[in-house]
Amino acid sequence: MSVERVIFHVDMDAFFVSVEEIFDPTLKGKPVVVGGLAHERGVVAAASYEVRKFGVHSAMPLRHAYRLCPQAVFIPGHPDRYRSYSRQVRAVLDDFSPQVKMASIDEAYLDMTGSKRLLGPPLNVANSLHETIKEKIRLPCSIGIGTSRLVAKIASDMAKPNGILSVLPGAEDRFLAPLDVARIPGVGKVSQENLCKYGIHKIGQLTRLQEEHLRSIWGKAGVSLVAKSRGLDVDMWSSPGMSVPDKPKSISHETTFRDDTTKQDLIDATLVKLVQLVGRRLRGYGLHGRTIQLKLRYADFKTITRARTLIRSTQLDTVILASIRELFSQNWNEDKAIRLLGVQIGSLETTSGQLDWIDDPRDRKWKQALEATDAVRNRFGESSIGLASAMKNAHQERVHENTVDVPERKLE
DNA sequence: TCTGGGGTCCTAGGACCC
DNA sequence: TCTGGGGTCCTAGGACCC
């Protein structure tokens, strides 16, 4: 018989807005939107509780938010501040549990199993954690307590704002049954509508369904849905040791133009910039990637992705750029204005696809140059150095070498 | 009401190999 | 002389999360 797990889910309230209020206390009590200016192309990243009364919520287009609440204060946001405050929160959490997993910049899971002897009853501990974050960091949060991460997360959601909600062991079903299926993490708009077609609206209805029935309709997703409806951790929630994936599986950057464009030079300069951003972070992680993907969104919002996998993984902007330019020229329909461009690299590995002793001297040269500029950029900022002109025509002749036709090298 | 940016995971089909 | 089944890799698209 295993010990009942005790999981805390700590979720910061309107995190970006709350951080902005620390820097500008006059914002307190006002309708505030973080994410961009009122007439920009973009969406709401965080909404204060005051502005939510007007129907504004996150992920809503900024223009729409403006129409609902013209008197709101619109703030583009300060990602560095949010990251810094996120680290401060984490430091406090680490004092309460050796098992902390940050799920995103503003939420975390704490495994508090077995902490009772040391710290006291979970509800008291949560109270003291709540107080500590309030006093030390001056930020409000909500805490959910449950026997699984799923239950703890839903509980913290219902405790908002500025509250604590504990679901006692054995009470999971009673707690979950009356809730909308959309409360389940992983059930979004589409799944909710699909369930709705079968007359399923509440979590309790899912619990009563036969697993076989759901499997026949929704396959694997259906099976995990039944488990979730019973408050059990499945798939991404399941790892018992709550291991942290510290290395990313892909790295990407994308940008939406202020105005849709067909301008070749603007497009190419944008691709170069995106490649540089991706390349720099790739090297920052010490990773190499093999699959390079271009994302293209047209003015009508039709979006395509086109990918190519290299024979050897790379860390070099020049190699990435050559692939991206090729993918772009092969796929851009020149009549159509472009709304968004994106660059992604995946199939990441810690080791280079190349062995040192067959290292190409040209690659080595580029690698050194990039390391130097990375260092300068890290110290002095993004616009301090541009490799754009230098990269304009470099590596054109190398495209083939990295993508097609490399004769199989019999080395091993 | 015109819809960001950075991710993860899943599905489905085709190529290719045995 | 129309035809198998399993496994892996690759690509494209989409749901979902914060």
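Below, chains carry the letters A, B, ... as their sequence lines are ordered, and counting in each starts from 1.
For A/Thr262 and A/Glu334, the side-chain atoms include no donor-acceptor pair closer than 3.5 Å. Counted by atom type alone, A/Arg290 and A/Ser313 present zero donor-acceptor pairs between their side chains at under 3.5 Å.
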Derivation of the salt bridge (charged side-chain N to carboxylate O under 4.0 Å, His left out) call for A/Arg41 and A/Asp259:
CA-CA 9 Å; A/Arg41 277 188 157 175; A/Asp259 301 296; over 6 Å; no
Passes salt bridge (charged side-chain N to carboxylate O under 4.0 Å, His left out), A/Glu21 versus A/Arg138? Steps please.
CA-CA 10 Å; A/Glu21 285 174 357; A/Arg138 292 185 289 159; over 6 Å; no
One pair to check against salt bridge (charged side-chain N to carboxylate O under 4.0 Å, His left out): A/Arg183 and A/Asp180. What are the steps and the verdict?
CA-CA 6 Å; A/Arg183 290 270 185 185; A/Asp180 286 342; over 6 Å; no
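Sequence order on DNA chain B of the closest nucleotides to A/Ile251 and A/His64 puts A/His64 first from the 5' end. Heavy-atom nearest nucleotides on DNA chain C were determined for A/Ser347 and for A/Ser191, and the one closer to the 5' end corresponds to A/Ser347.
Checking the phosphate oxygens (OP1, OP2) of B/dG6, no side-chain nitrogen or oxygen of A/Lys295 falls inside 4.0 Å. Phosphate contact (OP1/OP2 of B/dT8, side-chain N/O of A/Ser250, threshold under 4.0 Å): present. Between A/Arg306 and C/dA12 there is a side-chain N or O to OP1 or OP2 distance below 4.0 Å. Phosphate proximity of C/dG13 to A/Thr305: present, with a side-chain N or O under 4.0 Å from OP1 or OP2. Between A/Thr256 and B/dG5, a side-chain N or O to OP1/OP2 separation shorter than 4.0 Å is present. Taking 4.0 angstrom as the limit, A/His253 places a side-chain polar atom (N or O) nearer than this to OP1 or OP2 of B/dG6. OP1 or OP2 of B/dT3 lies within a sub-4.0 Å distance of a side-chain N or O belonging to A/Arg63. Under 4.0 angstrom from either OP1 or OP2 of B/dG4 there lies at least one side-chain N or O belonging to A/Arg297.
Within the 4.0 angstrom heavy-atom criterion, only backbone atoms of the sugar-phosphate kind lie near A/Val187; the bases stay farther away. Heavy atoms of A/Leu68 sit nowhere under 4.0 angstrom from any nucleic acid atom. Across all strands shown, A/Val190 has heavy atoms under 4.0 Å from sugar-phosphate atoms exclusively, and none from any base. Residue A/Ser58 is classed as having no contact, given no heavy-atom separation below 4.0 Å to the nucleic acid.
For B/dT1 and C/dC17, the C1' atoms lie 22 Å apart once the distance is rounded to whole Å. For the P atom pair drawn from C/dC16 and B/dC2, the interatomic distance equals 24 Å after rounding to whole Å.
Of all nucleotides listed (B/dT3, B/dT11, C/dA12), B/dT11 comes nearest to the side chain of A/Lys220. Of all nucleotides listed (C/dT11, B/dG4, C/dC18), C/dC18 comes nearest to the side chain of A/Glu107.
Cation-pi contact between A/Arg325 and A/Phe328: absent, since separation from the ring centre below 6.0 Å together with deviation from the ring axis within 45° is not met. Cation-pi geometry between A/Lys101 and A/Tyr109 is not satisfied (NZ or CZ under 6.0 Å from the ring centre, within 45° of the ring normal).
Closest approach of A/Phe8 and A/Leu129 over heavy atoms only: CD2-CD2, 4.1 Å.
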Both distances under 3.5 Å, Watson-Crick or G-U wobble: on that basis, could you give the dot-bracket string for DNA chain B, with [ ] for crossing pairs and | for other-strand partners?
....||||||||||||||
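One can place CG of A/Leu327 at 9 Å from P of C/dT11, the figure rounded to the nearest angstrom. Following rounding to the nearest Å, A/Phe16 (CZ) and B/dG5 (P) show an atom-to-atom distance of 14 Å.
Partner of A/Asp233 under the side chain to side chain donor-acceptor pair (under 3.5 Å) criterion, chosen from A/Arg5, A/Lys153, A/Lys228: A/Arg5.
Between the NE2 atom of A/His253 and the CZ atom of A/Arg280 there is a distance of 8.5 Å, given to the nearest 0.5 Å.
Listed by residue number, the members of residues 331-342 of chain A with any heavy atom below 4.0 angstrom from DNA chain B are A/Arg339, A/Leu340.
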